[in-house]
Amino acid sequence: MLAAQIRVQAGRRALTQASRTSTLPRHASARISRRLASTESSSTTPPPPPPPQQSRWQRFLATTGKVTLFTLVAGTGAFWYIAHKDRTPGVQLPHDPSKKTLVILGSGWGATSLLNSLDTADYNVYVISPRNYFLFTPLLPSVATGTLSPRSILQPTRHVTRHKEREVHVIEAAATDVDPHAKTVTFEDSSEVQGLISHTTLKYDYLVYAVGAETQTFNIPGVREHACFMKELDDAERMQRRFMDCVESAAFPGQSKEEVNRLLHMVVVGGGPTGVELSGELHDFLEEDLRSWYPELAHHIRITLVEALPSVLPMFSKQLIEYTESTFKEAKIDIQTKTMVKEIKEKSVVLQMPDKSIAEVPCGMVVWAAGNTLRGVTRQLMAKLPEDQANRRGITVDETLRMKGADGVFAIGDCTATSYAPTAQVAQQEGSYLGRILKQLAKKDSAVAELEAAKALPDSDPEKASKIKSLEHQCTKLEKLRPFKYSHQGSLAYIGSDRAIADLPFFSGGNLATGGVATYLFWRSAYLSKLFSLRNRALVANDWIKVKLFGRDTSRE
């Protein structure tokens with residue numbers, strides 16, 4: 001750069017001198033001027049070109065990529081944190097002899113909802129149930145057809161209790177007797193492997209009776225011997241095995257056409273949500289899997305839904321009932337309403353048709369999903385209080401879910417006789433409500449103890465009167481328990497063919513009735529949100545993806 005400037009200056013001096021002496025010709029002076037101009041232009045650095053302008057689409061893609069990356073990283077981190085927290089429970093407070101004993105019988109919807117909302121620091125809590133897990137019953141039909149793995153809808157009870165502030169003793173046993181007068185519960189170990197002690201009695205201060213109900217057979221011959229139920233996990237697994245047994249037996253060489261048709265005729269008894277969803281799941285299994293792996297048998301499979309009432313799904317609106325019936329008609333699922341089961345035999349079911357005629361229908365499997373009845377231990381408990389417990393439908397409770405005639409006993413769920421339908425939604429809300437009530441009772445008991453201590457103070461204490469007055473007012477306030485009020489959140493049912501129906505409350509007094517594929521997606525998201533843990537949500541979602549990619553498993557044990 002310095003050399004170029006020196007040359008420019010020298011050229012200028014030469015040009016000036018030449019113009020003075022006029023000894024250089026004119027064309028030489030012009031060449032010198034052009035050379036000087038080119039030298040000056042080459043000595044100056046040109047400015048950099050402007051950066052290229054991004055289009056709106058490019059800016060959108062860049063922003064979307066950053067947001068997606070951030071969401072993925074944050075979501076993965078949150079998932080890992082919650083999963084790690086669930087797997088590593090902390091240290092719990094031990095049982096406190098000064099606290100009252102709370103015994104919870106059962107591990108179903110009501111009991112598990114209570115455990116989730118209960119502050120165990122207020123009580124010494126015992127959970128007694130013949131199974132050590134919570135079962136998400138609305139997805140049981142999906143287990144019966146292989147859509148979901150059985151373990152995906154199980155939540156071990158200890159996964160709930162180990163995260164509570166004070167330790168909770170979980171006892172896997174069946175209650176055999178409840179004495180409301182002595183306030184004791186007798187229970188025994190019913191497992192295959194037992195220790196030296198398998199039968200004992202526990203005293204309680206408060207008892208939450210949430211044992212649920214068992215399947216109602218209406219004393220119809222052959223139901224318990226030949227039908228599959230849809231109440232417990234064992235029932236779903238048994239039905240799955242029975243269904244595949246029928247399919248494989250029909251595929252055995254030499255079977256007659258009549259026998260193949262009998263083996264592949266599936267009869268579902270009960271037109272409620274369980275029976276309808278099971279029929280839809282069976283249809284999906286047939287269309288999505290069996291037609292591919294059993295093409296010679298697929299057209300023989302028939303599904304019949306039997307209901308004694310004039311229509312299926314009586315709790316839904318009329319338009320949704322009609323939509324369900326039309327969907328089943330398209331799927332070739334035969335709905336027989338106003339039809340009663342008179343007997344179930346080993347290879348057939350005897351039906352009373354709407355015209356009162358009797359027909360014996362050959363079938364390979366009968367699934368019974370038709371109502372609930374009280375357990376034996378519940379009947380024994382009610383028999384001890386004949387004046388207050390005369391309702392055959394279940395335990396009579398007051399507006400705060402207290403069992404009438406029994407001090408310190410609360411009853412929730414399907415074992416009670418209330419104005420509400422015996423559904424999981426009702427039991428869940430009752431459990432949450434009872435958690436708040438027990439918190440209030442713990443405060444009242446604490447205030448009563450403080451009141452007794454205040455009354456024992458010497459009369460010379462200047463604050464005795466004010467303490468007693470304050471504590472008496474507090475006790476009076478805490479004795480008033482807010483009654484239970486059920487809030488209906490709507491009804492959902494899966495009807496097969498990737499369709500579902502929903503009857504949802506809309507604003508005040510109105511209902512939103514909808515059905516179809518969009519409702520099916522809502523049904524799945526609603527059930528995922530209702531699962532009690534991240535573990536179950538991940539397992540159920542994984543099963544749905546796995547079935548969509550690879551289909552259901554058709555092997556049998």
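Keep in mind it's a predicted model, so treat the numbers as computed, not measured. Heavy atoms only: backbone and side chains are in, while hydrogens, waters and symmetry mates are out. This chain uses plain numbering: 1 for the first residue, then up along the sequence.
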Less than 4.5 Å apart, side chain to side chain, heavy atoms only: is that true for [X] and [Y]?
{"X": "Q352", "Y": "T339", "answer": "no"}
{"X": "C228", "Y": "D235", "answer": "no"}
{"X": "S279", "Y": "V276", "answer": "no"}
{"X": "F484", "Y": "Q429", "answer": "yes"}
{"X": "I104", "Y": "Y126", "answer": "no"}
{"X": "M365", "Y": "F243", "answer": "yes"}
{"X": "T324", "Y": "L313", "answer": "yes"}
{"X": "L539", "Y": "N542", "answer": "no"}

> For the residue pair W109 and F532, does the interplanar ring angle fall in the parallel (under 30°), tilted (30 to 60°) or perpendicular (over 60°) class?
Replying inline: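 W109 and F532: tilted rings.
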>> Students often mix this up, so state it plainly: with edges at 30° and 60°, are the rings of Y527 and W523 parallel, tilted or perpendicular?
In response: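 Correct class here is tilted.
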Closer than 4.0 angstrom, basic N to acidic O: yes or no for [X] and [Y]?
{"X": "E325", "Y": "K329", "value": "no"}
{"X": "E172", "Y": "R131", "value": "no"}
{"X": "D543", "Y": "R151", "value": "no"}
{"X": "D498", "Y": "R524", "value": "no"}
{"X": "E360", "Y": "K345", "value": "yes"}

>> Checking T304 against H265 for the side chain to side chain donor-acceptor pair (under 3.5 Å) test, could you report, in this order, the C-alpha distance in whole Å, the side-chain angles of both residues, the deciding distance, and whether it holds?
In response: CA-CA 8 Å; T304 300; H265 183 201; 2.8 Å; yes
Side-chain donor-acceptor pair present, [X], [Y], cut-off under 3.5 Å:
{"X": "R262", "Y": "S256", "answer": "no"}
{"X": "T186", "Y": "T201", "answer": "yes"}
{"X": "Y204", "Y": "D179", "answer": "no"}
{"X": "S487", "Y": "Q489", "answer": "yes"}
{"X": "Y209", "Y": "T378", "answer": "yes"}
{"X": "S142", "Y": "E281", "answer": "yes"}

> CD of E387: more than 12 outside heavy atoms within 6.0 angstrom?
Replying inline: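 Open.
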>> Looking at S249 and D245, would you say the former's side chain and the latter's main chain have a donor-acceptor pair under 3.5 Å?
In response: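 Yes: the side chain of S249 pairs with the backbone of D245.
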> Sequence neighbours excluded, which residues qualify as ring-ring contact (aromatic ring centres under 6.0 Å, His included) partners of Y133?
Replying inline: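 With neighbours one apart ignored, the set is empty.
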>> Using every non-hydrogen atom in the two residues, find where S113 and Q428 come nearest and quote the distance to one decimal.
In response: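 It is OG-O, 2.7 Å.
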>> Which residues pass the salt bridge (charged side-chain N to carboxylate O under 4.0 Å, His left out) test with D334, not counting sequence neighbours?
In response: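 Counting only residues at least two positions away or on another chain, D334 forms no salt bridge (charged side-chain N to carboxylate O under 4.0 Å, His left out).
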